[in-house]
Amino acid sequence: MSTPFLVGLVGARGHTGRELIRLIAGHPELMLAYAVSREFAGRPVAEVAPEDKDECVFEALSPEEVAKRRADVVILAAPDGAAAPYVEAIEAHAPGRIIIDLSADYRFNDDWAYGLPELNRKNIAGKTRIANPGCYATAIQLAIGPLVPKLGGIPSVFGVSGYSGAGTKPSPKNDPERLKDNLMPYALTGHNHERESTRHLGTKVRFSPHVHPAFRGIVITAHIPLADKMDVAALTQLFEEKYAREPLIALRNAPPELKDGTNRKGVLLGGFTISEDSPNGGGGHAVVVAAEDNLLKGAAVQAVQNINLALGLEELKGIL
Ligand SMILES: NC(=O)C1=CN([C@@H]2O[C@H](COP(=O)(O)OP(=O)(O)OC[C@H]3O[C@@H](n4cnc5c(N)ncnc54)[C@H](OP(=O)(O)O)[C@@H]3O)[C@@H](O)[C@H]2O)C=CC1
Ligand SMILES: CC(=O)N[C@@H](CCC(=O)OP(=O)(O)O)C(=O)O
């Protein structure tokens, strides 16, 4: 067997960190070199993630210590706003090292590749600075992307997420008591993933998220105004052609439900519908539904796709 690539993981205690440990353990060419957590420091990683076979112990490493430790790839899976000290220390000590940042901190930075392989993999291959997309933003862009050349207005998206999307830091959005028998709308305009989808699709998108009591899983329903009339067969064909060679994207006629996306490695798109109703002329609007697991294609699986592309490995190695 060839020497594995070493991966350092910052934010290893968190929800996405947990999924990343499992994926790294199952990847034939990656090895976990270190796992950073201040709260779990000193505990064996296998205590919380039994699949870890690299016998790591959680460590409370500073950004400088992270930069000085040997690794081919550093994954930053810390909350928004925390990445810069790690990036700066790595720039100073090991500028050629690959960094995959799961937060929103570099998704608006032109010096970083934006890592949504199904829409822009040629911009990711061989890169050393990759911003992993947001969870809702992944589903939104995959649902709207094929229709961008056909738009006749601003797409509007309703989204629902499980509460793991809100991380482990206590907040109303991950408080089981607040969420019990509940659906909580928030950030009705201007959510980060509205800005992110708008930026990377290159066209304005509106988005209102909601959180509900399941732990994981996302469903988004996109209403997409069309410039010209289109029937359901043509709509479906457009998606079939766009995603024909994408193993992580599945299509079906019926609208996917939350549970169809939970624990799925990729995204399920469906519910392809056309409304003839177009008060201002034009082609009416299409409706497309997407279901995904926010922790997998919405975070950790996508990070492994990006690592594979950065290292020149087969994109789906360790995933399928
Ligand atoms: N959850 C999701 O569905 C998705 C999350 N993301 C993004 O991924 C990142 C991680 O999310 P998630 O796993 O949910 O977060 P969690 O809240 O579950 O975990 C955060 C992790 O970061 C560590 N951490 C907290 N503050 C800092 C800091 N200042 N410096 C270094 N480490 C820190 C924590 O460990 P400790 O305090 O022990 O050091 C913990 O391991 C976030 O940026 C999030 O926005 C992206 C897509 C989907
Ligand atoms: C339910 C819930 O709170 N979801 C999070 C998902 C965002 C996320 O994790 O993405 P970033 O990496 O862009 O911060 C939110 O709406 O902020």
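The chain is numbered in sequence order, starting from 1. Counting starts at 1 for both ligands and their atoms, in listed order. Keep in mind it's a predicted model, so treat the numbers as computed, not measured. We use all heavy atoms of the structure for the numbers below, so side chains are in, but hydrogens, waters and symmetry mates are not.
Among L20, N294, D105, the residue whose heavy atom lies closest to atom 3 (O) of ligand 1 is N294. Taking only non-hydrogen atoms, the option from P79, A83, G14, A137 nearest to atom 22 (O) of ligand 1 is P79. Considering only non-hydrogen atoms, atom 13 (O) of ligand 2 lies nearest to H193 out of R195, M184, H193.
Within the 4.0 Å heavy-atom cutoff, F58 does not count among the residues contacting ligand 1. Heavy atoms of E196 come nearer than 4.0 angstrom to ligand 2 in no pair at all. The shortest separation from a heavy atom of P209 to ligand 2 is not under 4.0 Å, leaving the residue out of contact. The shortest separation from a heavy atom of N132 to ligand 2 is not under 4.0 Å, leaving the residue out of contact.
Using a 4.0 Å cut-off to heavy atoms of T16, the atoms of ligand 1 that qualify are 1 (N), 2 (C), 4 (C), 5 (C), 10 (C), 11 (O), 12 (P), 13 (O). Close approach of ligand 2 to H191 (heavy-atom distance below 4.0 Å) involves ligand atoms 15 (C), 16 (O), 17 (O). The ligand atoms of ligand 2 that sit less than 4.0 angstrom from a heavy atom of K173 are 2 (C), 3 (O), 15 (C), 16 (O), 17 (O). The contact set between ligand 1 and C135, taken as ligand atoms under 4.0 Å from a residue heavy atom, comprises 47 (C), 48 (C). Every atom of ligand 2 is numbered from 1 in the order shown, and the set under 4.0 Å from a heavy atom of V211 is 1 (C). Close contacts between ligand 1 and L295 involve ligand atoms 1 (N), 2 (C), 3 (O) [criterion: under 4.0 Å to a heavy atom]. Per-residue contacts place D80 under 4.0 angstrom from the following atoms of ligand 1 (heavy atoms of the residue considered): 43 (O), 45 (O). Near G298, with a cut-off below 4.0 Å to any heavy atom, the atoms of ligand 1 are 47 (C), 48 (C).
Here's the thing with G134: none of its N/O atoms is less than 3.5 angstrom from an N/O atom of ligand 1. Not a single N or O atom of S103, backbone or side chain, sits closer than 3.5 Å to an N or O atom of ligand 2. The N/O atoms of Y136, backbone and side chain alike, include none that comes under 3.5 Å of an N/O atom in ligand 2. Between R107 and ligand 2, at least one pair of N/O atoms sits closer than 3.5 Å. Ligand 2 has no nitrogen or oxygen under 3.5 angstrom from a nitrogen or oxygen of Y163. Distances between N or O atoms of G165 and those of ligand 2 include at least one value under 3.5 Å.
Side-chain contact of E196 with Y114: a donor-acceptor pair under 3.5 Å is present, judged by distance alone. For the residue pair N294 and S164, a side-chain donor N or O sits within less than 3.5 Å of a side-chain acceptor on the partner. Side-chain contact of E118 with Q141: a donor-acceptor pair under 3.5 Å is absent, judged by distance alone.
With a 6.0 Å radius and a threshold of 12 heavy atoms from other residues, nucleotides or ligands, E246 has its CD atom above the threshold. Heavy-atom contacts from other residues, nucleotides or ligands closer than 6.0 Å to CZ of R206 number 12 or fewer. Around atom CG of D231, more than 12 heavy atoms belonging to other residues, nucleotides or ligands sit under 6.0 Å away.
Contacts with ligand 1 closer than 4.0 Å are made by backbone heavy atoms (N, CA, C, O) of A12 only, the side chain lying farther away. Using a 4.0 Å cut-off between heavy atoms, A166 contacts ligand 2 through both its backbone and its side chain. Contact annotation: for S103 versus ligand 1, heavy atoms closer than 4.0 Å belong to both the backbone and the side chain. Neither the backbone nor the side chain of N294 has any atom closer than 4.0 Å to an atom of ligand 2 (non-hydrogen atoms only). Only the backbone of S164 comes within 4.0 Å of ligand 1, counting heavy atoms alone; no side-chain atom from C-beta on gets that close. Heavy atoms of C135 found under 4.0 angstrom from ligand 2 belong exclusively to the side chain.
A salt bridge between K297 and E292 is absent, with no side-chain N of the basic residue lying under 4.0 Å from a carboxylate O of the acidic one.
I319 approaches V301 most closely through the heavy-atom pair CD1-O, 3.7 Å.
A78 CB, 3.6 Å is the protein heavy atom nearest to atom 32 (N) of ligand 1. In terms of protein heavy atoms, atom 26 (N) of ligand 1 is closest to R38 NH2, 2.9 Å.
Distance check: D52 CG to M31 CE gives 9.0 Å after rounding to the nearest 0.5 Å.
By the rule that hydrophobic residues join a cluster once side-chain heavy atoms approach within less than 4.5 Å of another member, V288 and V232 end up as members of one cluster.
No donor-acceptor distance shorter than 3.5 angstrom exists from the side chain of D72 to the backbone of F5, with no hydrogens or angles considered. In terms of modelled atom types and a separation under 3.5 Å, the side chain of N132 and the main chain of A299 share a donor-acceptor contact. One N or O on the side chain of H200 and one on the backbone of R107 form a donor-acceptor pair closer than 3.5 Å.
Ring pair F272/F239 is tilted by interplanar angle, where 30° to 60° counts as tilted. Ring geometry, Y136 versus Y186: the interplanar angle falls from 30° to 60°, so the pair is classed tilted.
Taking the ring centre of F108 as origin, the terminal cationic atom of R195 falls inside the region bounded by 6.0 Å and 45° from the ring axis.
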